[in-house]
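Report on the structure given below.
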Amino acid sequence: MLNIVRERLHQGYRTLNYPFKQPVISPRFAGLPSITPTSCASCSAHACTNCCPTGALAITPDGPALDMGRCLFCRACEQVCPEKKIIFTHEHRLAAYTREALIIKGPAPNGFPDESVRPALGEPRRNLSLFARSLKLREVSAGGCMACEADVNVLCTLIYDLGRFGIEYAASPRHADGLLITGPVTENMRLALLDAWEATPDPRIVIAVGTCAISGGTFAESTEGCKGVESVLPEGCVDVYVPGCPPNPWSILDGILSVAWKKAHANR
Amino acid sequence: MFSYRSAIDHADVPNVPIEALRGTIIDYCRNGWDLMAFFGIPVDGENGAELIAVLGDPDTHTLEILRSLPVRRYPSVTKECPEAHLFEREIFEQCGVHPQGHPWLKPVRFCRSAGDGQRPGPAQANYFHIEGNEVHEVGVGPIHAGVIEPGHFRFQCYGENVMHLEIQLGFQHRGVEHLISTLPPHAVLPLVENIAGDSAIGHATAYCSIIERLTGTDIPLRAQILRRIALELERLANHTRDLGAIGGDTGFLPTSAWNGRITGDFLNLTSELCGSRFGRNLLCPGGVKWDADPALCQSLIKRLRTAYRDVRGSVNVMLETPSVLARLTGTGCVSHETAVDLGLVGVAARACGIDRDARFDWPLSDLESPLLHVRTEMEGDVRARTLVRSLELDDSAAQTEADLQRLSYMEESKIAADVPNLPAGKIAVALVEGWRGILCHVGVTDDDGGWLAYKIVDPSFHNWMGLAMALRNEQISDFPLCNKSFNLSYCGHDL
Ligand code: SF4
């Protein structure tokens, strides 16, 4: 017993006062891409689109367009672009309200005011304030490789302490306000995901976490389904997208808070 | 027979009648060899396949590869060699070859390729079923209450006691092996890193080794050391998480809470190396993509020491608590004989007294590993699996610290060698001790240097049956604890 108390004192208090304090993430972390929007006509090699493993890059008349919904943040394009037009910043806040807003065509904003929750990119499809007071999410892994799942689960641990925002993972979709979905949605999980969706009482939200859930990611060419959440659930049902393979836990927390942030949190 | 680090010509693999292949598998497995992989390559024109068996002798570090003449059916080897049971079901599903007399022949993953169109999902399949007064059936999944992957568990119970547990997976099937042979080469490694996200380093190491062995590429010393650091960090993170989860399911919450945090500390060390907590984007065929300079090595050593001190303290208070030990001891036993018969691997096997560890049986490089040891326990219960993990934490932390020291005093040099194109018609095998157990990849190239077949055997493929056996005659309420003590991968099994 004494040992437990002694060890408890050693382990200390670890929760970070996010979002008022920003986390320290590895300097090698690839965050929000920043793009120089000038024509690529003089560059015929297009090494960037050729090296991209998931076809996330397109060359438009105004320069590269990077779809974060397909990107693995592998930095291959950053390394090959002769004009350094694609740069990955260190910004972990990547969530978007719409699929289109995930397509990056311009420079990243020069930092966000740190003392706030940044709203996600794009405009919400509908008023989400109903969910801001308390949020119960049912996690459904549909072909997820356990990296996204691990980083979703880790939000319950001491560092992040999801519970202090009034957010919890519910054991059943019937007790949930919405689904948090990871994985590319395999053919064999299609029915189970539809069942879980139908069991969630309306109004309900959907958060798609990870590149797989958004677009199928590295599995998009599979013959076993795997085209992402929107290939199975009704169109336009996803309220927040969190890109990354897997997203950093802070990116996931930011994504969830872009639904469930309430003024009361700011009064601390 | 050949040395495991070299590649051989597909044409040189002895092509024997199926009876001889059967005989060899059964004989060798009785004599202490392991069945590493057993799969089919469909043959053009005929509805059949040539079967390939990869056998390994850990004591002499030798592999034997055999292939059969094409067959459509053959007498199953499972009754004589139970560790082949799932391989034969897989061959049946993937190639349509019928292992006659297999005791439980049903699809493994319910792939689309097996029977197109209106296939039943894994949940609608036939299950082993016991009837009788007071016998009842409990079905769980595919979606579970926690944040974990999907799978279906069907318990046959008499009162609270489990007579039989059937584990049906396949919900996670993404067609990985097929994708590997169809995707352009630069898209394959990111896919391999997603086979089982918590074993990204393990699977990436196996894939890169296959490429390097096929092309005869030697990787630089710095890369060998960095790969080992990453592999051991992966082990540290996952063992820490599992020990915490075992604490959680025992109701010992301090360790459960602390280990959740410390797991992240280890993952963040990997993230310092490559930007990803799960080691994505660290390896490449020929070496590694990111180097660590002396300053980074020293800061990693400092953080590693702190995280190791924290996890040691956290796990020690759990293992000193009599009520925890009482809960773990004697729960979920797998006997040594069962473990040998089923060909269990990794932590689960070492907890049953089987001294197999690919870091020693099939070392990836000539690096010495004086600080690593094969840790075994005899009892085969949850406590044994807990202790093996706890001991391996010490070894991995010590070896990683030594490797980081060595790296920080080494001359700067290349971290990746150039890799030529894949040669035609060769076979190579890679065996890597991931944190769950041995990972086996087999690559077979075709006449154009593409993949004729790429076979992946995750440790979970061998071990799920071990979990089912651990539940025999246990209380159904012991399931979560037993499950955590194995902590197997669904997607690694389902591919
Ligand atoms: S960083 Fe993203 S867009 Fe660039 S090559 Fe990698 S996956 Fe493609």
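A note on names: the letters A, B, ... follow the listed sequences, proteins ahead of strands, and every chain is numbered from 1. Keep in mind it's a predicted model, so treat the numbers as computed, not measured.
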Can you tell which part of [X] gets under 4.5 Å to a heavy atom of chain B, answering side chain, backbone, both or neither?
{"X": "R6(A)", "answer": "neither"}
{"X": "C52(A)", "answer": "backbone"}
{"X": "C245(A)", "answer": "both"}
{"X": "F219(A)", "answer": "both"}
{"X": "A76(A)", "answer": "neither"}
{"X": "C226(A)", "answer": "side chain"}
{"X": "S141(A)", "answer": "both"}
{"X": "N50(A)", "answer": "backbone"}
{"X": "F73(A)", "answer": "backbone"}
{"X": "S172(A)", "answer": "neither"}
{"X": "I4(A)", "answer": "both"}

Would you give the length of the straight line joining atom [atom1] of [X] to atom [atom2] of [Y], rounded to the nearest 0.5 angstrom?
{"X": "N268(B)", "Y": "I25(A)", "atom1": "CG", "atom2": "CD1", "value": "8.5 Å"}
{"X": "T182(A)", "Y": "E149(B)", "atom1": "OG1", "atom2": "CD", "value": "8.5 Å"}
{"X": "F171(B)", "Y": "L191(A)", "atom1": "CZ", "atom2": "CG", "value": "10.0 Å"}
{"X": "N281(B)", "Y": "C74(A)", "atom1": "CG", "atom2": "SG", "value": "5.5 Å"}
{"X": "W290(B)", "Y": "R75(A)", "atom1": "CH2", "atom2": "CZ", "value": "4.5 Å"}

Considering all heavy atoms of both residues, which atom of [X] and which atom of [Y] are nearest to each other, and what is their separation?
{"X": "P142(B)", "Y": "M189(A)", "value": "CB-SD, 4.2 Å"}
{"X": "F278(B)", "Y": "A150(A)", "value": "CZ-CB, 3.9 Å"}
{"X": "G175(B)", "Y": "E224(A)", "value": "N-CG, 4.0 Å"}
{"X": "P190(B)", "Y": "L72(A)", "value": "CB-CD1, 3.5 Å"}
{"X": "P53(A)", "Y": "A187(B)", "value": "O-CB, 3.6 Å"}

For this session: Assess whether side chain to side chain contact (heavy atoms under 4.5 Å, CB included) is satisfied between Q11(A) and R261(B), documenting all intermediate values.
Result: CA-CA 10 Å; Q11(A) 299 275 349; R261(B) 187 267 299 175; 2.7 Å; yes
Taking atom [atom1] as the centre, does [X] end up with more than 12 heavy-atom neighbours from other residues, nucleotides or ligands that are less than 6.0 angstrom away?
{"X": "E7(A)", "atom1": "CD", "answer": "yes"}
{"X": "R174(A)", "atom1": "CZ", "answer": "no"}
{"X": "H178(B)", "atom1": "NE2", "answer": "no"}
{"X": "E78(A)", "atom1": "CD", "answer": "yes"}

Proximity breakdown for [X] and chain A, heavy-atom pairs closer than 4.5 Å:
{"X": "E193(B)", "result": "neither"}
{"X": "R174(B)", "result": "both"}
{"X": "S314(B)", "result": "both"}
{"X": "L495(B)", "result": "neither"}

For this session: Take H173(B) and T186(A) through the side chain to side chain contact (heavy atoms under 4.5 Å, CB included) test and state the conclusion after the steps.
Result: CA-CA 7 Å; H173(B) 180 57; T186(A) 54; 5.7 Å; no
Under 3.5 Å, is there a donor-acceptor pair between the side chain of [X] and the main chain of [Y]?
{"X": "R138(A)", "Y": "A145(B)", "value": "yes"}
{"X": "S26(A)", "Y": "S271(B)", "value": "yes"}
{"X": "Q172(B)", "Y": "G144(A)", "value": "yes"}
{"X": "D198(B)", "Y": "M146(A)", "value": "no"}
{"X": "R28(A)", "Y": "L273(B)", "value": "yes"}

Count the heavy-atom pairs under 4.5 Å between each of [options] and chain A, then report the option with the highest count.
{"options": "V188(B), I143(B), I262(B), N194(B)", "answer": "N194(B)"}
{"options": "G260(B), S199(B), S256(B)", "answer": "G260(B)"}
{"options": "T182(B), N259(B), D291(B), D494(B)", "answer": "D291(B)"}
{"options": "N316(B), T255(B), L191(B)", "answer": "L191(B)"}
{"options": "L183(B), V176(B), D310(B), L189(B)", "answer": "D310(B)"}
{"options": "R277(B), M318(B), R241(B), R280(B)", "answer": "R277(B)"}

Problem set entry | Evaluation steps, salt bridge (Lys or Arg N to Asp or Glu O under 4.0 Å), between D265(B) and R14(A) | CA-CA 12 Å; D265(B) 291 354; R14(A) 303 284 182 160; 5.3 Å; no
Exercise. Relative to chain B, which of G216(A), A142(A), A30(A), P249(A) shows the most heavy atom pairs under 4.5 Å?
Worked result: P249(A)
For this session: Tell me, please, which residues at least two apart from C297(B) pass side chain to side chain contact (heavy atoms under 4.5 Å, CB included).
Result: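 C297(B): side chain to side chain contact (heavy atoms under 4.5 Å, CB included) contacts with A292(B), L404(B), L407(B), S408(B).
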Exercise. What residues form a salt bridge (charged side-chain N to carboxylate O under 4.0 Å, His left out) with K484(B), not counting sequence neighbours?
Worked result: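 K484(B) satisfies salt bridge (charged side-chain N to carboxylate O under 4.0 Å, His left out) with D249(B) once adjacent residues are dropped.
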